[in-house]
Amino acid sequence: MALIKQIQIDSLDQISVFSPKDNNDLNRDQKKAGKWFDDRVIHFLDDLSKNVMRNALIRNRPDIIAVAFWIRKSNLRKIQLELGFNNTNTNGSDERNSNSEITQSNQPYAFGPLGTIFHICPANVDTIFLYSLTISMLCGNKNILKISSRMQDTGLLELFRVMSELLEKHEMDSGFVDFIQYKNEEEITRYISKKVDGRVIWGGNSTIEKIRSILAAPRCRDISFADRVSLSVFSAKELMELNSEGWADLLNKFDNDAYLFDQLGCSSPQIIYFLGENREKDATAIHIFKEKLSSFLASKNELDAASLSSLKLNKIMDDIAEEDNKLPIVNVEFGSLVTFIELEKLPDIEMISTCGGGYFYVRCISNALELAEIQDKKVQTITHWGLNESQKQEVESLKNGVGIDRVVPLGEGLSFDYVWDGYNLFWELSKITRG
Amino acid sequence: MTDLENIFRLAPFELSRTEKQELMLNGLNQLHQFHRNNSEEYSDFSRLLFKDNSEFTRLEQVPFLPVSAFKNHYLKSVSDENVFKVLTSSGTTGQAVSRIVLDKPTSQLQTKALNSIITGVIGSQRLPMLIVDSKVVFANRSSFSARGAGIMGLSIFGKDHTYILDENFELDLTKLTEFLTKYNGQKILIFGFTFMVWEFLFKQIEKGQLDLSQAILIHSGGWKKLENMAVNNEVFKSEFYDKHKLSEIYNFYGMVEQVGSVFIENSQGFLHCPNFSDVIIRNPIDFSVQPHGEPGLIQVQSLLPWSYPGHSLLTEDLGVVMGEDDAENGWKGKYFKILGRSKKAELRGCSDTFKK
């Protein structure tokens, strides 16, 4: 079995979810497979989780391991309960071998699969699309996963290989997930778009615009994950009081949020707010933070410092020389792994666009409510550290405005939640009826 | 600029370290002040990134812009009505081109600088000139920028300019042999881009077909294409001598972004800084100055760019300084060699299923 099908316009029948034979299979399977939290899917995902965690080619990848952790049976059961299902399996037997007795609780809605979902995943190695794929499977959908022909990430390719192998083992090799690849031929995208019930489009914005310019079937649903801006907020005062253990913990967490996807994940902070007394007094804390972070990253030796220096030097020039739209920069602290660009005031949010690799815009504020300036539709996640209860509440309260989808503690910036970018993905990928 | 007039009167590689540093420092301090007052972008960049805006006491303290600044931005220090011409570079296909704003005085300085260097190696007499290219490069506006400008610049040192490629970029051997017969026994000048010279004048012509023992070859454009065929400067020179008896060959390194930075090969095959330009090798991570012999990013400094803030630029090329004031042929100044292009950052991130 070919792992990833190379689709040409004349070979669209290779997509198993569309082929007549498989449609029959699907009709036969419909009652079984087209179910929310089908045991077959859960067992498959749990098996996948175990295989991934012991796979030498994948297990050094924290992002994929996080997915593997998320799809463990115990976590999926927890989510199932959270979504309003009751566990009626009261005899205490080992769940692994028995079909569970989890049933929908007494609620006014019933959930079923939406149908066939077309997933368009990004070319680079951001792996969040694995969650939407997983959720779609749990909703009972059939799935087509378009993998960029430029995708060369060895960890992901190995994951796809393991998935294909296990789909076969679990007798789910037809219709559950089709991995396909084609050059960006509009005709193929159009053909598929006309046949599916939902499209999950992972950005950037130019990709989303391109895909959405291709009309889908009238009832097809588009779930798009566009470019976002995220930020971190630190208490400057608390930074000054940290001991070495505290620093180690903080730097690890910030590293995870900011550098796991080279600062280009949609939840990775592009702006850092230092909440303190005033700019002059907080300058020391900011400087110490930058120095500690730089040496922490240097000791990990994971980043190509030489190429990042040039990238950042060019970006500073761009930020300074942008015609008509100069950023209000008051100070620059240059460093190959960490560069701080301090802004006098917050510019139009569209101008906040890091080059990645540790290029942060910095703002100094003296009151948590000043974060209101960042309330914008484009803002996704605020990760916070060192705030007291009332400050935390003030930040939380900002979520209710037009922008800001998530407020989470530092270190959880990239932790996936099925409520993402304003969607409950389980609902979006389901057909909802009266219960 | 009076200092510059004096410098142009000297032989191009005459100034040794102490004299040169004094002249360069004086000139670069003036240029820094001038561009600070006339280019907002330069002023902001040097203030925010280099902090110090006072007078500099060492060449390495003078702020530098990244060379790509001219690709993404239109930077100039003269008013619009004084713009005489805008040079453009052709980068790799699909990339942004640099735009270099010249006024009349800076353009004249450029001519003088080139004149100083080229006549320094070929003498002041205009020589019959072969150009390893096609006249078609002038027909196409987009390619005129890079190759065309280079040919135009060098053409003033020759006469009876003869292009040896036809309109289809095929070698016109008849034209070439006619030219060589006509000037048999006389000094001639050959100019072309490195890979084209190799492709047409070397590969397509058999040994013994030509006698180029009286020729001076000047070529530029980089080694990337030839290095794929394992041809470096040493191989290039020894093969040309072996095949066509061509012994006088000068490679040079230059860039449209910095007027005056023309670094021509000395007798040891290293690129040599003329009186009015210098290089500093910087650590690619923290941009600190590397000692001689340590490789790093090449920063170029020149006393010529007044119309745009290009007097001090950090290039994307890697190189190493091989010596100073002690070249075998007696030339003064630093000499260096190019080690290739620096690597671009490859980041991961969320976006772009389609390549922009």
Side-chain angles (χ1 to χ4, degrees), chain A residues 63 120-126 128 146 148 150 153 184 201-208 210-211 225-228 260-268 303-314 316-323 326 329-332 334-337 341 355-357, chain B residues 39-51 63-76 96 98-99 257 282-288 290 295-299 308-310 313-318 339 341-356:
Chain A
D63 51 336
I120 295 137
C121 71
N124 51 36
V125 301
D126 187 316
I128 295 185
K146 178 190 184 299
S148 164
R150 292 187 295 125
D153 182 62
N184 293 314
I201 313 164
W202 288 93
N205 289 356
S206 60
T207 300
I208 294 172
K210 206 156 177 176
I211 299 286
F225 296 98
D227 291 343
R228 305 300 299 271
L260 186 60
F261 296 121
D262 292 330
Q263 208 203 345
L264 293 174
C266 47
S267 314
S268 312
L303 295 155
D304 178 6
S307 66
L308 287 177
S309 290
S310 291
L311 180 79
K312 286 170 189 168
L313 190 73
N314 290 333
I316 292 172
M317 190 71 226
D318 288 346
D319 279 349
I320 283 173
E322 190 61 55
E323 277 166 59
K326 265 178 57 154
I329 303 171
V330 286
N331 191 32
V332 171
F334 185 84
S336 64
L337 305 177
I341 307 293
C355 58
Chain B
S39 163
E40 201 184 328
E41 294 87 352
Y42 177 78
S43 169
D44 286 350
F45 194 79
S46 55
R47 174 175 49 84
L48 288 166
L49 204 62
F50 293 86
K51 317 293 180 195
F64 52 80
L65 298 187
V67 74
S68 73
F70 300 95
K71 288 203 173 77
N72 303 325
H73 309 286
Y74 188 69
L75 306 178
K76 63 184 178 63
S98 290
R99 287 167 297 169
E257 289 87 354
R282 290 194 180 265
N283 179 314
I285 296 176
D286 62 10
F287 301 137
S288 60
Q290 301 281 60
L297 286 172
I298 300 172
Q299 179 192 352
Y308 70 100
L313 300 176
L314 190 68
T315 72
E316 291 162 358
D317 293 319
L318 295 167
L339 303 170
R341 280 250 144 174
S342 64
K343 204 171 114 248
K344 284 247 185 310
E346 290 167 8
L347 299 179
R348 321 206 288 177
C350 243
S351 52
D352 287 311
T353 316
F354 289 96
K355 198 163 192 160
K356 270 177 198 157

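Below, chains carry the letters A, B, ... as their sequence lines are ordered, and counting in each starts from 1.
- Distance check, rounded to the nearest 0.5 Å: OG of A:S309 to CG of B:N283 gives 8.0 Å.
- Looking only at heavy-atom pairs under 4.5 Å with chain B, the residue among A:L337, A:L308, A:I329 that has the most is A:I329.
- The structure places CG of B:L48 at 8.5 Å from CD1 of A:I316, a figure rounded to the nearest 0.5 Å.
- Here A:S310 contributes atom OG and B:K343 contributes atom NZ; the two are 11.0 Å apart, rounded to the nearest 0.5 Å.
- A:D318 pairs by the salt bridge (charged side-chain N to carboxylate O under 4.0 Å, His left out) definition with nothing, not counting sequence neighbours.
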Could you please spell out the steps behind the side-chain contact (heavy atoms from CB on, under 4.5 Å) verdict for A:N314 and B:K71?
CA-CA 10 Å; A:N314 290 333; B:K71 288 203 173 77; over 6 Å; no
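- For a residue to count as touching a neighbouring chain, one of its non-hydrogen atoms must lie under 4.5 Å from one of that chain's; by this rule B:F50 does not touch chain A.
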Take A:L313 and B:F64 through the test side-chain contact (heavy atoms from CB on, under 4.5 Å) and record every step on the way to the result.
CA-CA 10 Å; A:L313 190 73; B:F64 52 80; 4.0 Å; yes
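- Interface remark: B:F287 contributes side-chain atoms only to the contact with chain A (heavy atom separation under 4.5 Å).
- Listed options A:A321, A:S336, A:A305, A:A226 were ranked by heavy-atom pairs under 4.5 angstrom with chain B; first place goes to A:A321.
- Among B:P284, B:S342, B:S68, the residue making the largest number of heavy-atom pairs under 4.5 Å with chain A is B:P284.
- Among B:D44, B:I285, B:D286, the residue with the largest count of heavy-atom pairs under 4.5 Å with chain A is B:I285.
- Between the side chains of A:N331 and B:K51, at least one donor-acceptor pair of N or O atoms lies under 3.5 Å.
- Atom-to-atom distance recorded for B:E40:CD and A:K326:NZ is 4.0 Å, nearest 0.5 angstrom.
- The shortest heavy-atom contact between A:M317 and B:E41 is CE-CB, 4.0 Å.
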